[in-house]
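The structure appears right after this line, and notes come after that.
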Protein chains: 2
Amino acid sequence: MSNILIVDDDIELCEMLDEYLRLEGFSVSAVHDGKSGAEQAVNGNYQAIVLDVMLPGQNGFDALKQIRGSSLIPIIMLTAKGDDIDRILGLEMGADDYLPKPFNPRELAARLKAIMRRSEQNSGNASSVLEVGKLVMKPSSRKVSWDGQDMSLTSTEFAILELLMRNAGAAVSKESLYEKALGRPLEQYDRSIDMHISHLRRKIPGGEHLIQTIRGTGYQLTLEQ
Amino acid sequence: MSNILIVDDDIELCEMLDEYLRLEGFSVSAVHDGKSGAEQAVNGNYQAIVLDVMLPGQNGFDALKQIRGSSLIPIIMLTAKGDDIDRILGLEMGADDYLPKPFNPRELAARLKAIMRRSEQNSGNASSVLEVGKLVMKPSSRKVSWDGQDMSLTSTEFAILELLMRNAGAAVSKESLYEKALGRPLEQYDRSIDMHISHLRRKIPGGEHLIQTIRGTGYQLTLEQ
DNA sequence: AGAGGTTTGTAACACTTTGTAAAATACCGT
DNA sequence: ACGGTATTTTACAAAGTGTTACAAACCTCT
């Protein structure tokens, strides 16, 4: 059964969606402000979130950021006309899809199914645990272990390692490491990523083999040991 | 660079999209019927497909099915106004997204970026192993061994050897070695590939026999030992 | 076979990128 | 504001890559 959380202050809309989505085989809950939305969203009971941009108190963007801080749960944003689509879908915010109001509930159902299908495909291992050899990472609880032993990483090291693990076996460019892990573009003579890589290599046993340098390109996590 | 294939019989629309998507940093090609669309889509040169539902000859759904038969390339369907059912069908048939006509090109660009970002994340693809005689290469773990013994190659040497191994038994032109391994065009008096080949020959036991010079063309890995 | 031109092999050097220690700065909870 | 941690900058060493130069191999034409 797919549990959907709707976060919208329009109570009538929530009831209507509840009714329609139940017919489509979803199970629906609703809350009406961003703060409770963000709290509920990450409690692990839902498979997808429908999140309105305009909310009383904390707005939808803040809620989105807060949720993305600890979860990759599929999120559809309900936007007002004219909102900046690029930002909503972009890495900055990280929504999976959006739907401009007013919308047809059938379309919401279709998009919900689509993003849930995608996220199902993505997480071969349902519980969103990343595993590469003896390295195990749980992004939701921000824990990493090597061969069962917990290791302590700083948040930047964590972000970099997460990116590398999500692309294990393939090179990740420095550009995208800066962009996605540090949230800023790579500038000339900027060496921070190199420094963090250096630290990671030292912290992870066998790190110098695990994290390979692809000169002129970036870094890569090796798949086989 | 991201190559996009547009499959739509509306030539004006194609030109407009071409223009707009180029501004957004995509590289665009267009074909105008489903049959060529399906053929082009799977040739490996594109990172995403924009596919109209209404096409002369083979319609968009057939093309979609055909493409999905052999590729998981990201596909956005362009649907006619009003046909929710078609849209839903499209998503259930394995399109990654859809956009009802008429649409804002910005929205297409945003959705393209979104699905490409997703598919980039997904491709933790199975690690293939390349074998040519006693040479074994695992690109995902960046390891090469000769007769079971690991050898250490630099990134460029690795890239060149990978290309040669993927085309073992056939000549690989210097042009494509420069283009694909060094990521730049071959310029006059540029000898770097020759240097790297020289190093490779020295590092690989029996390298002078293994890597053959095809004068005036390029280099080739011999199949027999 | 030999002359003359072109392409390739490789050593030596020049330049670029990366590794990492250490210092400087930013950040955060108290 | 203070102390501790995290991150970025700086500086220099080490490794990798590109350029130059010349010798060797090859091709073409006579």
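In what follows, chains carry the letters A, B, and so on, assigned in the order in which the sequence lines appear, proteins first and then strands, with residues in each chain numbered from 1. Only heavy atoms go into these numbers, but all of them, side chains included; no hydrogens, no water, no symmetry mates.
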| Would you say the side-chain atoms of A/Tyr178 pair up with the backbone N or O of A/Gly183, donor to acceptor, closer than 3.5 Å? | no
| request: May I ask you to list the residues of residues 181-196 of chain B, by number, that have any heavy atom positioned under 4.0 Å from an atom of DNA chain D? | output: B/Arg184, B/Asp190, B/Arg191, B/Ser192, B/Met195, B/His196
| query | Salt bridge check: are A/Arg184 and A/Glu179 linked by an N-O gap of less than 4.0 Å? | reply | no
| field | Ionic contact status for A/Asp10 with A/Lys101, cut-off 4.0 Å | value | no
| Does a salt bridge link B/Glu24 with B/Lys113, judged by any charged N lying under 4.0 Å from a carboxylate O? | yes
| request: Provide, to the nearest angstrom, the distance between the CG atom belonging to B/Leu200 and the P atom belonging to C/dT8. | output: 17 Å
| Boundaries of the chain B footprint along DNA chain D (any atom under 4.0 Å from a heavy atom) | D/dG16 to D/dC26
| field | Atom-pair distance (OH on A/Tyr178; C1' on C/dT18), nearest Å | value | 11 Å
| query | Any ion pair linking B/Asp190 and B/Lys174 (charged N to carboxylate O, less than 4.0 Å)? | reply | no
| request: Using the side-chain hydrogen bond (donor to acceptor under 3.5 Å, both in side chains) rule, take B/Asn167 and B/Tyr219 through it: C-alpha gap first, then chi angles, then the decisive distance, then the call. | output: CA-CA 10 Å; B/Asn167 296 281; B/Tyr219 297 93; over 6 Å; no
| field | B/Arg111/A/Asp97 salt bridge by N-O under 4.0 Å criterion | value | yes
| Hey, does B/Tyr219 reach any base, or is it just sugar-phosphate, or nothing, if we go heavy atoms under 4.0 Å? | sugar-phosphate
Quick one: which protein N/O atoms are closer than 3.5 Å to N/O atoms of nucleotides 14-17 of chain C? Pair and distance per line, please.
from: C/dT16; atom 1: O2; to: A/Arg215; atom 2: NH2; distance (Å): 2.9
from: C/dT17; atom 1: O4'; to: A/Arg215; atom 2: NH1; distance (Å): 3.4
from: C/dT17; atom 1: O4'; to: A/Arg215; atom 2: NH2; distance (Å): 3.3
from: C/dT17; atom 1: O2; to: A/Arg215; atom 2: NH2; distance (Å): 3.0

| From B/Glu19 atom CD to B/Met16 atom CE, the distance as rounded to the nearest 0.5 Å | 9.0 Å
